[in-house]
Protein chains: 2
Amino acid sequence: MISKKTQYGLKALGYLAAEYGKGPVLIADIAEKKKIPIKFLESILLLLKQHSVLESKKGKGGGYFLANAPKKTSLAAVIRIIGGPIAMLPCVSLNFYTKCEDCDEVNCGLRRVMAITRDATLKVLEKKTIQDLVDGCVEMEIGTI
Amino acid sequence: MISKKTQYGLKALGYLAAEYGKGPVLIADIAEKKKIPIKFLESILLLLKQHSVLESKKGKGGGYFLANAPKKTSLAAVIRIIGGPIAMLPCVSLNFYTKCEDCDEVNCGLRRVMAITRDATLKVLEKKTIQDLVDGCVEMEIGTI
DNA sequence: CATTTGTCTATCATATAAGTAGACTTGGCG
DNA sequence: CGCCAAGTCTACTTATATGATAGACAAATG
């Protein structure tokens, strides 16, 4: 289970993806449309900005907007920023690895299985981007037709 | 991330899988070998027994043992018993579904992606069993040679 | 310079996780 | 029968994470 925080962050990004190219979007606007507590959302957006997923503009006419095209940011990246590790165990995490006390990692059966699980999950989350979070009809891959 | 509790449960099952067919195993034995706080382990094993994953025998010569052959119990089943949902969001959980307030599930982009992720994860966890948790050399699939 | 908007710090409430203690029950065995 | 070895159950305790809120501060626009 991902935290509410991560969920809120992903929803907000989906909204910003839909508004991409239309200039800054108000925090209050996102909060209302996506039904997210505004002060909580503030901290999430700030975090995403600090990790270069978002950019912002202050003052009148300001707001938040995606730092890059929606397709450029994977869901895995976002989840790692807000929610931390994607793997089910610290000892199989690629980005948040911590050594497993009390077990020989080389022979650990649990570790072996969890590594496989991680790969399967990541295969999806690395490929999907915040473009895929846009609500409504499924976005077609136009490609280079 | 799965909880320590789930992790302990899986490790314990891995140990019991290795001892399968050799009669009851003491809680204290599992706790020592797998370095799990004994009282904590007690409650986990009891929970697994209540869900028919384990059986136990009381009194002298008693202990815990698998209710079925190691291959018969999937990791998904165990994780659901101890740790709850496998999906990343309640609204895409197959076994612990709760309706998503504040969002139209049909059109929710996040939900769509999380359902795909869940499928990828489950494909592994439904297939792997506690047989796969046995430490040491990778178990070969002998099959019906 | 005043208003709008994002930024930052601090705090709080609650829930969950993790672990501990001790009494109770069951069953084997002499 | 009666002891002892095991699992069973109840009740806490403590630590940490989560979710949320309030308010002061800083920057940019017009």
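Residue numbers begin at 1 in each chain, while the letters A, B, ... track the order of the sequences.
Remark: the backbone N or O of B/Val113 is not paired with any side-chain donor or acceptor of B/Arg118 at under 3.5 angstrom. Looking at A/Thr6, its side chain never comes within 3.5 Å of a backbone N or O of A/Ile2 through a donor-acceptor pair.
One atom, CD1 of B/Ile44, and another, P of D/dC9, lie 16 Å apart when rounded to the nearest Å. As a whole-Å value, the separation of B/Met1 CE from D/dT16 P is 17 Å. For the pair A/Lys57 NZ and D/dA27 C1', the computed distance is 12 Å after rounding to whole Å. Going from atom CZ of B/Phe40 over to atom P of D/dC9 covers 17 Å, rounded to whole Å. Rounded to an integer number of Å, the gap from B/Ile2 CD1 to C/dT16 P is 19 Å. Between A/Glu55 atom CD and D/dA28 atom P there is a gap of 14 Å when expressed in whole angstrom units. Note: CG (A/Leu45) to P (C/dC8) measures 13 Å, nearest angstrom. Atom CD in A/Glu42 sits about 12 Å away from atom P in D/dT21, given to the nearest Å.
For A/Gln50, a side-chain nitrogen or oxygen approaches OP1 or OP2 of C/dC8 to under 4.0 Å. OP1 and OP2 of D/dG19 both lie 4.0 Å or more from every side-chain N or O belonging to A/Tyr8. For the OP1/OP2 pair of C/dC8 and a distance below 4.0 Å, the side-chain nitrogens and oxygens of A/Ser43 include no atom meeting the criterion. Residue B/Ser3 places at least one side-chain N or O closer than 4.0 Å to OP1 or OP2 of C/dA18.
If you run side-chain contact (heavy atoms from CB on, under 4.5 Å) between A/Tyr8 and each of A/Ile82, A/Leu45, A/Ile36, A/Leu13, only A/Ile36 comes through.
With C/dA18, D/dA27, D/dG7 as the choices, the nucleotide that has an atom nearest any side-chain atom of A/Lys58 turns out to be D/dA27. The side chain of A/Leu46 sits closest to C/dC8 out of C/dG22, C/dC8, D/dA27.
Between A/Lys60 and A/Ile38, the residue whose closest nucleotide on DNA chain D is further toward the 5' end is A/Ile38.
Of the charged side-chain nitrogens involved, none lies within less than 4.0 Å of a carboxylate oxygen, so that B/Asp29 and B/Lys34 do not count as a salt-bridged pair. For the pair B/Lys49 and B/Glu42, the salt-bridge criterion is not met [side-chain N within less than 4.0 Å of a carboxylate O].
Taking only distance into account, the side chain of B/Lys39 meets the base of C/dG22 through a donor-acceptor pair shorter than 3.5 Å.
Using a 4.0 Å heavy-atom distance criterion, B/Leu26 is classed as a sugar-phosphate-only contact. Across all strands shown, A/Ile27 has heavy atoms under 4.0 Å from sugar-phosphate atoms exclusively, and none from any base.
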